[in-house]
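In what follows, residues are counted from 1 in the order of the sequence shown. Just so you know, these numbers use all the heavy atoms, side chains as well, and skip hydrogens, waters and symmetry mates.
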Amino acid sequence: IVLANGSETVDASLTAQAVTMFDILVEGASRAPERIVEAPAAISIIEPEVMQAVSMTSQVPVALATIPGVDVVQSGINDFNVNARGFNSSLNRRILVLQDGRDLAIAFLGSQEWNALALPLEDLSRIEMVRGPGSALYGANAFSGVINIRTPLAREVIGTKVTLGGGELSTIRGDLRHAGVSPDGRIGYRVNAGFSQSESWSISRTNQVVPDILAEYAQATDTVAIISIEAVPLSGQTLGAGGAALGTPDDVRSTYGSARIDYYADNGSVGIFEGGLAQVENEVFVTGIGRVQVNKATRPWARLNWSAPNFNLMGTFTGRKSNDPQTSLASGLPLEESSTILHFEGQYNRNFAEDRGRIVAGASIRNSRVDTEGTLMQLADDDRSDNYYSGYAQIEYRPTPQIRIVGAARVDDGDLFDTQFSPKGAIVFSPDANNSVRFTVNRAFQTPNYSEFFLQVPAGAPADFSLLEAGLRLSPLGPVLAGVPNGELFTNSVAVPILALGYEDLDVEHVTSFELGYKGQISERVFATIDGYYSRLSNFVTDLLPGVNPNFLPWTAPAAVPDAFKATLEQTVRDQLTAGGESAAAAGLTRLADGSTAIVVSYTNAGEVTERGIEISGGVLVSDEVQISGSYTFFDFDVDATTVAVGDQLLPNTPKHKGTVSLSYSGRQGLDLGITARLVESFTWAAGVFSGFIPSSQTVNLNAGYRVNQNLRVHALATNVFDQLRYHLYGGSVNGRRVMGGITATF
C-alpha cells in the first residue's frame with residue numbers, strides 16, 4: 001500500500017529465458033505481421049546482437065553475410081553487392097532493399113549505394129531478408145529476394161546516444177541520436193547525424209610499364225586473366241613517369257543527417273514525417289565499363305506515412321545528385337547523374353472468417369526522373385521521366401489450425417516494359433506451434449535498368465590499330481588496300497573508340513521457382529531451417545559483352561576494298577586480333593550508324609538457365625549465455641539455352657559451396673564476445689569488362705563489447721582478423737583486415 005504523497009521501494013528480479021523461434025514476428029514475407037515459423041517464404045532475420053556487433057563498420061551487408069543463400073561481395077570499403085541464389089553481377093539489382101518501405105536503389109542503375117545508408121546498424125530495429133522471387137508482392141526488383149530494414153519509433157529510443165570510434169585504415173567515425181516525446185505523449189521526435197572517414201583498399205591502376213593490377217592481385221592469386229590499365233588515378237593522386245600514380249588517394253567519406261516527427265493516435269495509428277540527406281565522397285565501385293569513382297554525391301530523401309491497424313498510406317522521395325562529376329577511371333571522362341524517385345502506395349489488410357483468413361491488398365504509382373547530361377545516356381533518351389503502376393493482393397485461409405493456404409498476385413505496368421503478371425502460391429503445414437513445412441511456387445520478373453536500355457559511354461581509352469593496319473599493308477592483302485587512305489582502314493586506326501552502348505529492345509527477365517522448406521524449434525534450445533529450390537530463369541540480361549547486340553553487326557571492310565577480297569580481309573582482321581589476345585575486340589569490332597569503326601560492348605537476353613540449391617541454417621543455445629549457429633549453402637545450375645556466342649559468359653558468379661559458423665557469448669556481467677568464420681569455395685567470375693578466377697577464402701571476424709554501466713559501453717571489431725588477402729569479384733580490390741574500436745554513451 002502506498003499512502004498519499006508517500007513512496008515505497010519494491011525490488012524485482014528478472015529471470016533470463018531463451019527466445020524461441022515461434023515468438024518472432026516478421027513482415028517481409030506477407031507485408032503483414034506473422035510468426036516467422038509460419039511465413040510462406042525462406043526468411044531470416046538479423047538479430048540485434050549481430051547488428052550491434054558489426055555496427056562500427058556501418059555496413060549492412062556485413063551483417064547479412066551469415067544468412068544462407070546470400071552472396072556478399074565487397075570491393076574497397078563500401079562497394080558491396082548483395083545477392084541471393086546465383087547470377088550475381090558487379091552492380092547487382094536483383095534484391096529489393098527497403099528502409100521503412102522506401103526503396104534505397106539508385107534510379108539509373110537500380111543497385112544499392114550502401115555508403116549512403118543514413119543510420120548506423122545499432123539504430124535499426126530489425127533487418128529481415130526474404131530469399132527467392134518476391135514480385136507477387138513487391139514488383140520488379142524483388143527478382144531474387146527482399147531486404148526489409150525497419151527503424152524504431154521515436155518513443156522507442158527516448159534519450160541521447162553518442163558513438164565514437166576508429167581504427168585501422170585511419171578510420172574515424174561518429175554517430176549521434178537524440179529522441180524524445182511531448183509531455184502528453186502524442187508527439188515524438190528523433191534526429192540522427194553521423195560522419196565516417198577511412199582509407200580504402202582500392203588503388204590506382206595507371207602504370208603502363210608494370211600494370212598495377214599484376215602487383216595488386218599477386219597477393220591473392222597466381223593468375224591474372226586481364227591486364228587493366230586505367231586512364232586516370234584515384235582522387236588525390238597525380239600521374240608520374242610511365243603512368244605511375246603519385247601521392248596518397250583521398251579518404252572515403254560519408255556524412256548523414258536526418259530528422260523525424262511521429263504522431264501517436266489513440267487508436268494505435270501512427271503518422272510519420274521524416275527526411276534526411278547523405279553525402280558520399282571518393283568511393284570507388286566496380287561497373288561493367290570498369291571502375292568509377294564517386295567524387296561527391298548527395299542522396300536526399302523524405303517519407304510521409306500514416307499507419308493504422310487496417311491500412312497504410314505512404315509517399316516517399318529518393319534523390320541522387322553528382323555534386324562533383326563521377327569519374328570513369330578507365331576512360332578518364334566525367335559522368336553526371338541527377339535522379340529522383342517519387343513513390344506513392346496504399347495498402348489495406350483485414351482478417352475474416354473469425355480470423356481464419358486474411359487479405360492484404362495494395363496499389364502504387366512511381367515516377368522516376370533521370371538526367372545524365374549526355375554523359376551516360378544517348379541524348380535522345382536522356383533527361384527522361386517514366387511512370388510505373390502496380391496493384392497486388394494476397395489472400396490466406398486456414399481450413400484447419402494446422403494448414404495455411406496462401407495465394408498472391410501482382411500486376412505491373414510501366415513506360416519501359418509491357419504488362420507483367422506475377423503469381424504466388426503456398427501451403428504451410430504446422431503440426432504444432434514450433435514447426436512448419438511449406439511448399440511455394442513463385443514467379444518474378446526483372447526489367448532492364450536505364451543503363452541497359454540507353455547507355456552510351458566510352459568503355460576505355462581508344463584502341464590503337466595502326467600497327468595492325470601497317471601489318472596488313474605489308475601482307476599479301478596489301479594490294480587490295482591501295483584504295484584505302486593510309487591510317488583510315490579502321491576510320492581512324494590510331495584511335496578506334498571503345499563504346500558501351502545500351503540495347504532498347506531488351507526483354508523482361510523472368511524466374512519461376514519451386515521451393516520446399518522447413519522451419520522449426522526442434523527443442524527449447526535448438527532451431528533449424530532447411531530450404532530447397534528449383535528455378536527456371538529466362539531472358540535474363542547479361543553484363544556488357546562484345547558482339548551480342550544485333551544492332552551492331554561484325555565489322556565490314558571499306559567500300560574501296562574490292563568485293564572479292566572483303567570477306568578475306570574481314571576474317572583476317574578478326575584472326576589477327578584474336579591471335580594477339582584481343583578476342584573481345586575481335587568480337588566487338590563493328591561499324592556505327594554513321595559508318596565509322598568502333599569496338600562495341602552491349603547487353604543481350606542470354607537464354608534459359610535451370611538453377612537449384614539447398615540452404616541450411618541452425619543454432620544451439622548451449623546455455624543462457626552461449627550460442628552456436630551456422631549456415632551452409634549449395635548451389636548448382638545448367639545452361640539450357642543461350643543466345644551468347646562469345647565464350648562461356650553465362651556464369652552465376654557464385655560458389656557451389658559456402659558456409660558460416662558463429663560462436664557468441666553474452667554474459668550477465670555486461671561482457672559480450674563473438675567469433676564468426678565464413679568459408680567460400682573458389683569460382684569463376686564474368687561481369688562486364690572483368691572476367692577471371694576468384695580464389696577460395698576463409699574469413700574470420702571477431703567482436704567484443706563490455707557494458708561498463710547502464711550508460712556506457714566499449715566495443716571492438718576485427719574483420720578478416722588473419723588478414724587473408726582476397727578479392728571477392730574480379731576487377732575489385734584486394735581486401736584485407738580492418739580492426740576498429742569505439743565507445744557508446746547513452747543519456
Side-chain angles (χ1 to χ4, degrees), residues 19 23-28 30-36 45-52 55 58 60 63 97-104 117-129 146-163 175-194 256-278 301-318 343 345-349 360 362 710-711 744-747:
V19 176
D23 293 324
I24 299 174
L25 295 180
V26 294
E27 296 183 4
S30 299
R31 304 196 72 161
E34 61 191 348
R35 296 190 311 134
I36 189 172
I45 65 166
I46 304 300
E47 299 288 351
E49 294 82 4
V50 176
M51 291 190 287
Q52 178 177 267
S55 182
S58 189
V60 170
V97 182
L98 302 173
Q99 180 177 324
D100 295 322
R102 181 175 63 89
D103 190 349
L104 300 182
L117 185 67
L119 285 176
L121 271 72
E122 61 186 12
D123 278 356
L124 306 178
S125 58
R126 178 181 295 274
I127 302 176
E128 303 173 3
M129 180 157 190
V146 177
I147 297 174
N148 187 33
I149 301 172
R150 309 296 294 185
T151 64
L153 297 173
R155 64 186 179 188
E156 296 173 342
V157 288
I158 294 174
T160 301
K161 180 179 73 66
V162 177
T163 297
D175 296 283
L176 168 68
R177 183 194 72 207
H178 177 71
V181 295
S182 61
D184 61 0
R186 288 296 184 90
I187 304 295
Y189 65 90
R190 190 187 77 199
V191 293
N192 288 84
Y256 71 87
S258 64
R260 169 174 173 159
I261 297 176
D262 299 347
Y263 174 76
Y264 311 115
D266 288 335
N267 65 350
S269 300
V270 179
I272 298 170
F273 175 70
E274 63 177 337
L277 178 75
W301 61 274
R303 180 173 72 105
L304 182 64
N305 192 94
W306 182 263
S307 178
N310 293 109
F311 69 88
N312 185 74
L313 299 175
M314 179 181 66
T316 65
F317 161 80
T318 302
H343 182 89
E345 184 165 349
Q347 178 185 307
Y348 172 77
N349 69 87
V360 177
Q710 186 177 355
N711 304 106
T744 298
T746 56
F747 309 96

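- Separation of atoms CG (L176) and OG1 (T160) is listed at 7.0 Å; rounding is to 0.5 Å.
- The number of heavy-atom neighbours closer than 6.0 Å to CD1 of I261, taken from other residues, nucleotides and ligands shown, is 12 or below.
- Between H178 and Y189, the angle of the ring planes lies from 30° to 60°, which puts this pair in the tilted group.
- Residues I158 and V181 meet the side-chain proximity criterion, which asks for heavy atoms closer than 4.5 Å.
- Atom CG of N310 sits about 5.5 Å away from atom CG of N349, to the nearest 0.5 Å.
- Here the closest heavy-atom approach between residue R150 and residue D100 is recorded as CA-OD1, 3.5 Å.
- The shortest heavy-atom contact between A179 and A154 is CB-O, 3.7 Å.
- In this structure, the side chains of V157 and D123 stay at 4.5 Å or more apart for every pair of heavy atoms.
- With respect to the salt-bridge test (charged N to carboxylate O, under 4.0 angstrom), the residues D262 and R260 qualify.
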- Kindly determine whether S307 and N305 satisfy side chain to side chain donor-acceptor pair (under 3.5 Å), including the steps that lead there. CA-CA 6 Å; S307 178; N305 192 94; 4.7 Å; no

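- Nearest heavy-atom pair, G185 versus Y264, reported as atom, atom and distance to 0.1 Å: O-CD1, 3.3 Å.
- Judged by distance alone, the side chain of N711 and the main-chain N or O of T746 form a donor-acceptor pair under 3.5 Å.
- In this structure, the side chains of V50 and L121 stay at 4.5 Å or more apart for every pair of heavy atoms.
- Y256 and P120 get closest at one heavy-atom pair: OH-CD, 3.2 Å.
- Distance check: W301 CH2 to L277 CG gives 10.5 Å after rounding to the nearest 0.5 Å.
- Distance CE/M129 to CD1/I149: 10.5 Å, rounded to 0.5 Å.
- A pairwise comparison of heavy atoms in V360 and A32 identifies CG2-CB, 4.0 Å as the closest pair.
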- Message: side chain to side chain contact (heavy atoms under 4.5 Å, CB included) for V26 and I45? Distances and angles first, verdict last.
- Response: CA-CA 8 Å; V26 294; I45 65 166; 3.6 Å; yes

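- A salt bridge links E122 with K161: at least one charged nitrogen is closer than 4.0 Å to a carboxylate oxygen.
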- Please test Q99 against I147 for side chain to side chain contact (heavy atoms under 4.5 Å, CB included), starting from the C-alpha separation and ending with a verdict. CA-CA 8 Å; Q99 180 177 324; I147 297 174; over 6 Å; no

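- Taking all atoms of both residues into account, the shortest heavy-atom contact from S30 to E34 is OG-OE2, 2.9 Å.
- E345 places no side-chain N or O within 3.5 Å of a backbone atom of G362 that could act as its donor or acceptor partner.
- S182 and D184 share a donor-acceptor pair across their side chains, judged by distance under 3.5 Å alone.
- Note that CH2 of W306 is 11.0 Å distant from CG of N312, once rounded to the nearest 0.5 Å.
- Between the side chains of D175 and N192, no donor-acceptor pair is found at a separation under 3.5 Å.
- Between E274 and R102 there is no salt bridge, since none of the side-chain N atoms of the basic residue sits less than 4.0 Å from a carboxylate O of the acidic one.
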- Criterion side chain to side chain contact (heavy atoms under 4.5 Å, CB included) on L119 and L124, from CA distance to verdict: CA-CA 7 Å; L119 285 176; L124 306 178; 4.0 Å; yes

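- A distance of 10.5 Å separates CZ of R186 from CZ of R155, quoted to the nearest 0.5 Å.
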- Test L153 against I272 for side chain to side chain contact (heavy atoms under 4.5 Å, CB included), laying out the working first. CA-CA 9 Å; L153 297 173; I272 298 170; 4.2 Å; yes

